[in-house]
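Inspection log for the structure reproduced underneath, given as structure tokens.
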Amino acid sequence: MSAQVSITLPDGSQKSVPAGTTIADFVRTQIGPGLAKVALYAKLDDAEVDLSKPLDHDGKLSVVTPKDPAALELIRHDAAHIVASVVQRLFPGTQVTIGPSTDEGFYYDFHREKPFTPEDLEAIEKAANEEIKKDLPFVRKEVSKDEALALFGKLGETFKLEIVEDIFKRGAKTLSLYSHGDWVDFCLGPHGPSTGRVGVIKLLSVAGAYWRGDHRNPQLQRIYGTAFFSQKDLDAWLHQQEEAKKRDHRRLGKDLDLFHFHPAAPGAVFWTAKGTSIFTTLSTAMRRLCLSNGYEEIKTPLIYNKSLWETSGHWGKYRENMFLILDPEADPALPEDERASFSLKPMNCPSHHLYFQMKRRSYRELPLRLHTQDVLHRNEATGVLSGLTRVRQFQQDDAHLYVMESQITEEVLALSQLISKVYEAFNLTFTAKFATRPEKKIGDDALWDKAEGALKAALEKTGLPYELKPGDGAFYGPKIDFDVADSLGRKWQLGTIQLDYNAAERFDLNYIGADNTEHRPVVIHRAIYGSFERFIGILIEHFAGNFPVWIAPVQARVIPVVAERHSAYAKEVADKLRAAGVRVEIDTSHGRIGAMIRDAQLAKIPYALVVGDKEVEARGVSPRKHGTGKDADLGLLPLDQFLATVTKEAEIPY
RNA sequence: GCUGGCGUAGCUCAACUGGUAGAGCACCUGAUUUGUAAUCAGGCGGUCGCGGGUUCGAGUCCCACCGCCAGCUCCA
């Protein structure tokens, strides 16, 4: 065993120190006391380690300080431990479970009969921040399975015992414990040197969460919080959260008068004229895109006999989400699903399959691409409804592609490109997820193997980076989901590409091949917006209500400087623009110009067109462009010139 | 569906420990005739989510239901 180890630093320099020197000592003596003071943890040969770790072999070392973005994650994890420790002190008998850091902070799940009240949270937060002031060191210790079981057994931590068993079942040799003060938890680490390095802890909310994410398990209380290095950083974050709330589509939907909800129809949207305008614009754009890409648009019934759902598999796997229509003749003593005779459709696929079946299909027709924007109903649990992003009645820009197996790759590629093109037109950034067979599924494993293999191969060909989501597929097939985040960072699935070998079997779909025999088509389910409702919700937040001209429900508002004198000309301008297809309105409020301009700005209308004596004389308008600050006033323009500009901006970008 | 929170005028929010519901904006009317983010005055507007209960008295306390919000499970 060599007495010295050679450590390489990020700048390439090498230092040699006696084996067994801790990283903390190494940093202080070999790099500098300044760095040692701010260091939180280190990366040793790409492994994240505590500063207390002794250096026992040659390696590459880099030190992580608060400047590193990853450092926040560490102190939030530290914070979770601190919170758990004070919760157990303040509320004896509470059991701990898990407490990871998240994108915006951390949470910790507790088991306790009594719920934590908002006052409890305040007390916990106060105590947690006092714990920071005590600057207790985090101490790591490795223990064996027996020691771990004995420790958490003695503490009565039944949830922890369950995790310990799992960890060792998965082949771990030892378990690392981290303690601060007299509180101990097991944890992979690393942790910071001491509690004092966590600047400030802020608790945000309590929510229910199921043990191991399964609703059949006991429900735990999850305390959400966040931590920052300084109060200033925390304040900045809180301010940013407030700003994000201003973009919330539910807020803007009211402010801009786009849609309403009513308790009489929970989860179903009342679209105002303005909201409907947005809906229609997007619908028209998608229709055009589909038609120019080899799709045909069809319309199909909204309500179907139960037997269809039995054929499709929805009856077995999706019934709890379906709105059933009960047979009035049926025996009321029977359970509801047995009295059901019809159901509103929750998906378009069975309709399309029936349509495919309605005549003999030739291989020459494939790929047959059917597009539909029909209304769908899904009986979603009350607790999941959320503005436009999760509703019970919605319309998808849905399509089903009936293809030969040999066409799968090509179609998935073309689809991915189409999706990218549409999202890029809105400047939306998305993440792709590849989801495989779920627990609740139809079809045998051989078909699923085939479907997952084919879809994955096609996905890899697109070159898109993707995340794997095992078990997250639709009940009939694997899928690629395209997620976009809302203003609060919550991700929503918009577009989707789903590969389905089951449908053709269940519906006995076939086409006549070149060999004059019957073959099974493969079905690709796909949506680009996902649903109009969710997509519009996301767009509202994405643009903060400042819609580009082509989607804006009102593209221009004419503002007469003096109502009595300029109203006639204002009407002339509006008429001419309207005749050319511009969505225009006139401010008839007789207000002062400053107030009228302000109203137009608050309504986020792209162009406010001021018309006064100058404009009347020049037969022009003075447009003010929304959201452009000092350069807002475009000055006097000939009406035709403005019309040309706005018409160009109103073009569908895809 | 589960856990917690919330529900007062179209919107945003007040109403101390239970004691006759109030403001701003919006809307309507009048005056003002105005050049790029709020002209002035007056007026209209509420079964305090719904239903029970406690109380001399309930927006306020209790119960049930409905809806909304955050999260969980589920999903476009």
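All figures in this text were calculated on a predicted structure; none of them were measured in a lab. Lettering of chains follows the sequences in order, A, B, ..., and the numbering in each one begins at 1.
Sorted by first and then second residue, the side chain to side chain donor-acceptor pair (under 3.5 Å) pairs with a member in residues 416-429 of chain A form an empty list; sequence neighbours excluded.
Ring geometry for A/W237 versus A/F228: interplanar angle of 30 to 60°, hence tilted.
Using a 4.0 Å heavy-atom distance criterion, A/G213 is classed as a sugar-phosphate-only contact. In this structure, A/G594 reaches the sugar-phosphate backbone alone: every heavy-atom distance under 4.0 Å involves primed, P, OP1 or OP2 atoms, never a base. A/L385 comes within contact range of the sugar-phosphate backbone alone, with a heavy-atom separation under 4.0 Å but no base atom that close. Here A/D481 lies out of heavy-atom contact (under 4.0 Å) with every strand. Counting any heavy atom pair closer than 4.0 Å across all strands shown, A/R250 reaches sugar-phosphate atoms only and no base atom. Heavy atoms of A/T382 sit under 4.0 angstrom from at least one base atom. Residue contacts for A/Q493: at a heavy-atom cut-off of 4.0 Å it reaches the sugar-phosphate backbone alone, with no base atom in range.
The stacking criteria are not both satisfied for A/F116 over the base of B/rG4, which would need a centre-to-centre distance under 5.5 angstrom and an angle between ring planes under 30 degrees.
Classification of A/K246 and A/E243 as a salt-bridged pair holds, one side-chain N sitting under 4.0 Å from a carboxylate O. In summary, A/K614 and A/E617 do not engage in a salt bridge, as defined by a charged side-chain N under 4.0 Å from a carboxylate O. Salt bridge annotation for A/E162-A/R212: present, with a cationic side-chain nitrogen under 4.0 angstrom from a carboxylate oxygen.
Residue A/R390 places a side-chain atom within donor-acceptor reach of the base of B/rC74, judged by atom type and a 3.5 Å distance cut-off alone. A donor and an acceptor atom never sit less than 3.5 Å apart when one is taken from the side chain of A/Y210 and the other from the base of B/rG71. A/Q221 contributes no side-chain N or O that forms a donor-acceptor pair with the base of B/rU3 under 3.5 Å. With hydrogens and angles ignored, a donor-acceptor pair closer than 3.5 Å exists between the side chain of A/S531 and the base of B/rA76. With hydrogens and angles ignored, no donor-acceptor pair closer than 3.5 Å exists between the side chain of A/R592 and the base of B/rC40.
Residues A/T436 and A/K479 have side chains that never bring a donor and an acceptor to within less than 3.5 angstrom of each other.
A cation-pi arrangement is present between A/R222 and A/Y107, with the terminal nitrogen or guanidinium carbon under 6.0 Å from the aromatic centre and inside a 45° cone about the axis.
Separating the C1' atom of B/rG30 from that of B/rC66 is a span of 44 Å, rounded to the nearest Å.
Within the 4.0 Å cut-off from OP1 or OP2 of B/rG71, not a single side-chain nitrogen or oxygen of A/S205 is found. The phosphate of B/rU36 has neither OP1 nor OP2 within less than 4.0 Å of any side-chain N or O from A/K625.
When each of A/P118 and A/P263 is assigned the nucleotide of RNA chain B with its nearest heavy atom, A/P118 is the one assigned upstream, toward the 5' end.
Stem analysis of RNA chain B (at least three stacked-register Watson-Crick or G-U pairs, each with both distances under 3.5 Å) gives B:1-7 with B:66-72, B:10-13 with B:22-25, B:27-31 with B:39-43, B:51-53 with B:61-63.
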